[in-house]
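Keep in mind it's a predicted model, so treat the numbers as computed, not measured.
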Amino acid sequence: MTDAAALPGQPRGGVLSGPATPRAVNVLAPNASAMTLDGTNTWILAEPDSELAVVVDPGPLHEGHLRNVVDTAEKAGKRIALTLLTHGHPDHAEGAVRFAALTGTKVRALDPALRLGDEGLGAGDVVGVGGLELRVVPTPGHTSDSLCFHLPADQAVLTGDTILGRGTTLVAHPDGRLGDYLDSLRRLRSLTVDDGVHTVLPGHGPVLEDAQGAVEFYLAHRAHRLAQVETAVEDGYTTPGQVVAHVYADVDRSLWPAAELSVRAQLDYLEEHGLI
């Protein structure tokens, strides 16, 4: 068995659902798959002494899960006052409209198409509910509308799919762009260096105790994959499918379609920078 402390980001062991920090509780959605890992993490955030809570990423349109999120908050003496989305992929956002109906909340997101209400989310925004403070951090790359939420009081950041609790994420070409993603990772690294963030509350997988280590691992992984793709093209593998079969040969074939999206994003990046 591998010691979790030796893994990138130092993933926390144990059950994924339940309290993660003094202000964050995870309710795991029952949608486990190769792409979603154990399932989508739906985060309930609240100040310990407040009756008001924020939910980040209600998850898929699964009635049992959505009601479980509401019940979990109510059992803790909390009323859900606002719903936020890290991005619009269905495993994070499909249940938002139904969840808003259950809770009577507005939904705030970067993408206007995902909002319920007049308020969106953008760079520099600070979301405050019941004394809780969340700072909006734009992190495009996985998707163009990806956001992270900095929770200063817990020295934590909610990362959606930008950083996962296990493995690495894809750049969802053509909406996602590798250059944007690398810039977003560097932005998150600045949070760990300048703002004391040490805990990652991801959209999938376990909590990470070493935020800076996770970011550095992601940056190194991306540089390594990019070099592999560049070499593959130089060796005559010209189509995205050929590059995937060559570079991702050690990856489960069921994940190759997702890997091809990342490869397409990497090929675009290499072309834009005159490297192929």
Inset, instruction - Tell me, with the steps shown, if Asp38 and Leu28 meet side-chain contact (heavy atoms from CB on, under 4.5 Å). - result: CA-CA 8 Å; Asp38 310 273; Leu28 183 65; 4.2 Å; yes
Inset, instruction - Examine distances only and state if a side-chain atom of Tyr218 and a backbone atom of Leu164 form a donor-acceptor pair shorter than 3.5 Å. - result: yes
Inset, instruction - Rounded to the nearest 0.5 Å, what's the gap from CG on Leu121 to CZ on Phe149? Could you check? - result: 5.0 Å
Inset, instruction - For the pair Ser144 and Asp175, evaluate side chain to side chain donor-acceptor pair (under 3.5 Å) and give the outcome as yes or no after the intermediate values. - result: CA-CA 6 Å; Ser144 62; Asp175 181 52; 2.6 Å; yes
Inset, instruction - Without swapping roles, check the side chain of Thr40 against the backbone of Thr36 for a donor-acceptor pair under 3.5 Å. - result: no
Inset, instruction - Report yes or no: is the cationic atom of Arg253 (NZ for Lys, CZ for Arg) closer than 6.0 Å to the six-membered ring centre of Tyr248, at no more than 45° off its axis? - result: no
Legend entry - The single option from Asp111, Asp161, Thr139, Asp145 passing side-chain hydrogen bond (donor to acceptor under 3.5 Å, both in side chains) against His87: Asp161
Inset, instruction - Measure the OG1-CD distance between Thr192 and Gln155 for me, rounded to the nearest 0.5 Å. - result: 11.5 Å
Legend entry - Same apolar cluster: Leu255 and Val229, side chain cutoff 4.5 Å: yes
Inset, instruction - Without swapping roles, check the side chain of Asn26 against the backbone of Leu16 for a donor-acceptor pair under 3.5 Å. - result: yes
Legend entry - salt_bridge(Lys106, Asp118) N-O dist < 4.0 Å: no
Legend entry - Closest non-hydrogen atom pair between Ile163 and Pro202, with its separation: O-CB, 3.5 Å
Inset, instruction - Can you establish whether the number of heavy atoms outside Arg177 located under 6.0 Å from its atom CZ is more than 12? - result: no
Legend entry - Sidechain-backbone polar pair: Ser262 side chain, Ala259 backbone, donor-acceptor under 3.5 Å: no
Legend entry - Salt bridge present between Arg23 and Glu47 (N-O < 4.0 angstrom): yes
Legend entry - Distance, nearest 0.5 Å, that separates CG of Asn41 from CG of Asp57: 9.0 Å
Inset, instruction - Taking only Lys NZ, Arg NE, NH1 and NH2, and the carboxylate oxygens of Asp or Glu, determine whether Glu63 and Arg67 approach each other closer than 4.0 Å. - result: yes
Legend entry - Under 3.5 Å: donor-acceptor pair, side chain of Arg264, backbone of His173: no
Inset, instruction - Classify the angle between the aromatic ring planes of His142 and His89 as parallel (below 30°), tilted (30 to 60°) or perpendicular (above 60°). - result: perpendicular
Inset, instruction - Grab the two heavy atoms, one from Pro58 and one from Leu84, that are nearest each other, plus how far apart they are. - result: CD-O, 4.2 Å
Inset, instruction - Salt-bridge test for Lys78 and Glu51: reply yes if a basic N is under 4.0 Å from a carboxylate O, no otherwise. - result: no
Legend entry - Pro60 versus His65, closest heavy-atom pair with distance: CD-CD2, 4.4 Å
Legend entry - Main-chain N/O of Pro140 paired with Ser146 side-chain donor or acceptor, under 3.5 Å: no
Legend entry - Residue pair Leu116 / Val97: nearest heavy atoms and the distance that separates them: CD1-CA, 4.0 Å
